[in-house]
Amino acid sequence: MPSSDVLRLYRQIWKVARRIPRGKVATYGQVAELAGIPGGARVAGAAMRASKGLPWQRVLGKRGKNRAGVAILDPVGAAVQRRLLEAEGVEVTDRGLIDLVRYGWVPPR
DNA sequence: CAGGTGACTCTTT
DNA sequence: GAAAGAGCCACCT
């Protein structure tokens with residue numbers, strides 16, 4: 001069980017994750033930065049893992065300059081995430097990669 | 001305070 | 001392009 005402190009922090013991250021619109025995706029680093037934790041990508045990952053009922057499938061691991069990849073390493077979980085994304089209109093390659101130029105979320109200032 | 005962990009990311013081999 | 005190292009943040013023992 002996470003402490004109340006971590007919950008407060010995670011809530012901030014979840015708040016950001018909830019703003020990601022359908023058909024768009026963001027990276028852990030991006031979510032962390034918007035949540036006020038620059039460089040805290042790993043924290044965002046932990047928060048998403050502990051999330052319930054959030055669009056966690058829209059938060060991906062960055063796998064290059066202009067592309068991201070499904071977050072989950074586990075083949076079964078990765079397949080689920082890929083399915084959810086495709087259901088929202090996000091193109092996912094057979095290798096589980098996504099074009100950030102086309103589907104990357106650009107948060108409103 | 002020191003050391004270990006992780007749905008991360010960047011650079012170098 | 002895969003593998004390895006190092007840097008990063010917050011949390012837990």
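Proteins get letters first, then strands, A, B, ... in listed order; numbering begins at 1 in each. Quick caveat: nothing in here was measured; it's all calculated off a predicted structure.
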Report task. Might you confirm whether atom CD of A:Glu33 has over 12 heavy atoms from other residues, nucleotides or ligands at distances under 6.0 Å? Result -> no

Query - Between CZ on residue A:Arg8 and CD1 on residue A:Ile13, distance to nearest 0.5 Å - result: 13.0 Å

Query raised in the report: Please give, in whole Å, the distance from B:dA7 C1' to A:Leu60 CG?
Result: 10 Å

Report task. Give a yes or no on whether A:Arg19 atom CZ has more than 12 heavy-atom contacts from other residues, nucleotides or ligands under 6.0 Å away. Result -> yes

Report task. Evaluate the side chain to side chain contact (heavy atoms under 4.5 Å, CB included) criterion for residues A:Met48 and A:Tyr28: first the C-alpha distance (whole Å), next the side-chain angles of each, then the deciding distance (0.1 Å), finally the verdict. Result -> CA-CA 9 Å; A:Met48 294 316 294; A:Tyr28 290 106; 3.9 Å; yes

Query raised in the report: Do the side chains of A:Val90 and A:Leu84 get nearer than 4.5 Å, heavy atoms only?
Result: no

Query raised in the report: Are A:Val80 and A:Gln57 close enough, and set up right, to give a side chain to side chain contact (heavy atoms under 4.5 Å, CB included), and what steps lead you there?
Result: CA-CA 9 Å; A:Val80 172; A:Gln57 69 273 19; over 6 Å; no

Query - Atom pair distance, as rounded to whole Å: CD in A:Gln12 and C1' in C:dC9 - result: 16 Å

Report task. Would you kindly give the CZ-to-P distance between A:Arg11 and C:dA10, to the nearest whole Å? Result -> 18 Å

Query raised in the report: Would you say A:Ile37 and A:Val31 are hydrophobically clustered, going by side-chain heavy atoms of ILVMFWY under 4.5 Å?
Result: yes

Query raised in the report: Near DNA chain B, under 4.0 Å by heavy atom, which residues of residues 83-98 of chain A?
Result: none

Pick out the pairs of N or O atoms, protein on one side and nucleotides 10-13 of chain B on the other, that lie under 3.5 Å.
{"from": "B:dC10", "atom 1": "OP1", "to": "A:Lys62", "atom 2": "NZ", "distance (Å)": "3.4"}

Report summary line: Numerically ordered, the residues 51-59 of chain A set in heavy-atom contact under 4.0 Å with DNA chain B is A:Trp56

**Report entry** P spacing across the pair B:dT12 / C:dC8, given as an integer number of angstrom
**Finding:** 15 Å

**Report entry** Stretch residues 25-37 of chain A: residues that reach within less than 4.0 Å of DNA chain B through a heavy atom
**Finding:** A:Thr27, A:Tyr28, A:Gly29

Requested in this report: Kindly work out whether a path of hydrophobic side-chain contacts (I/L/V/M/F/W/Y, heavy atoms less than 4.5 Å apart) joins A:Trp56 to A:Trp14.
Outcome: yes

Query raised in the report: How many angstroms lie between CD in A:Glu88 and CZ in A:Arg22, if you round to the nearest 0.5 Å?
Result: 5.0 Å

Query raised in the report: About how many Å separate OG1 of A:Thr27 and CZ of A:Arg67, when rounded to the nearest 0.5 Å?
Result: 15.0 Å

**Report entry** d(CZ, A:Arg63; C1', B:dT9) in whole Å
**Finding:** 11 Å

Between the protein and nucleotides 3-7 of chain C, are there any N/O to N/O pairs under 3.5 Å, and if so, what are the atom names and distances?
{"from": "C:dG7", "atom 1": "O6", "to": "A:Arg42", "atom 2": "NH1", "distance (Å)": "3.2"}

Side-chain atoms of residues 96-109 of chain A: list all donor-acceptor pairs with protein atoms under 3.5 Å, sequence neighbours left out, distances to 0.1 Å.
{"from": "A:Asp99", "atom 1": "OD1", "to": "A:Val101", "atom 2": "N", "distance (Å)": "2.9"}
{"from": "A:Arg102", "atom 1": "NH1", "to": "A:Glu91", "atom 2": "OE2", "distance (Å)": "3.2"}
{"from": "A:Tyr103", "atom 1": "OH", "to": "A:Glu91", "atom 2": "OE2", "distance (Å)": "3.4"}

Report task. Report yes or no: do A:Val25 and A:Leu34 belong to one cluster of Ile/Leu/Val/Met/Phe/Trp/Tyr joined by side chain heavy-atom distances under 4.5 Å? Result -> no

Requested in this report: Locate the shortest heavy-atom distance separating A:Ala32 from A:Ala44; write the atom from each residue and the value.
Outcome: CB-CB, 4.0 Å

Report summary line: Interatomic distance, CG@A:Leu54 vs CZ@A:Arg18, rounded to 0.5 Å, equals 5.5 Å

Query raised in the report: Of all heavy-atom pairs between A:Gly69 and A:Leu60, which one has the smallest distance, and what is that distance?
Result: O-CB, 3.1 Å

Query raised in the report: When we call it a touch if two heavy atoms are under 4.0 Å apart, what does A:Ala41 touch: a base, just sugar-phosphate, or nothing?
Result: sugar-phosphate

Report summary line: Output for pair (A:Arg63 CZ, A:Arg95 CZ), nearest 0.5 Å, gives 9.0 Å

Requested in this report: Rounded to the nearest angstrom, tell me the gap between atom CG in A:Asn66 and atom C1' in B:dT9.
Outcome: 15 Å

Query raised in the report: In whole angstroms, how far is the C1' atom of C:dC11 from the CE atom of A:Met48?
Result: 18 Å

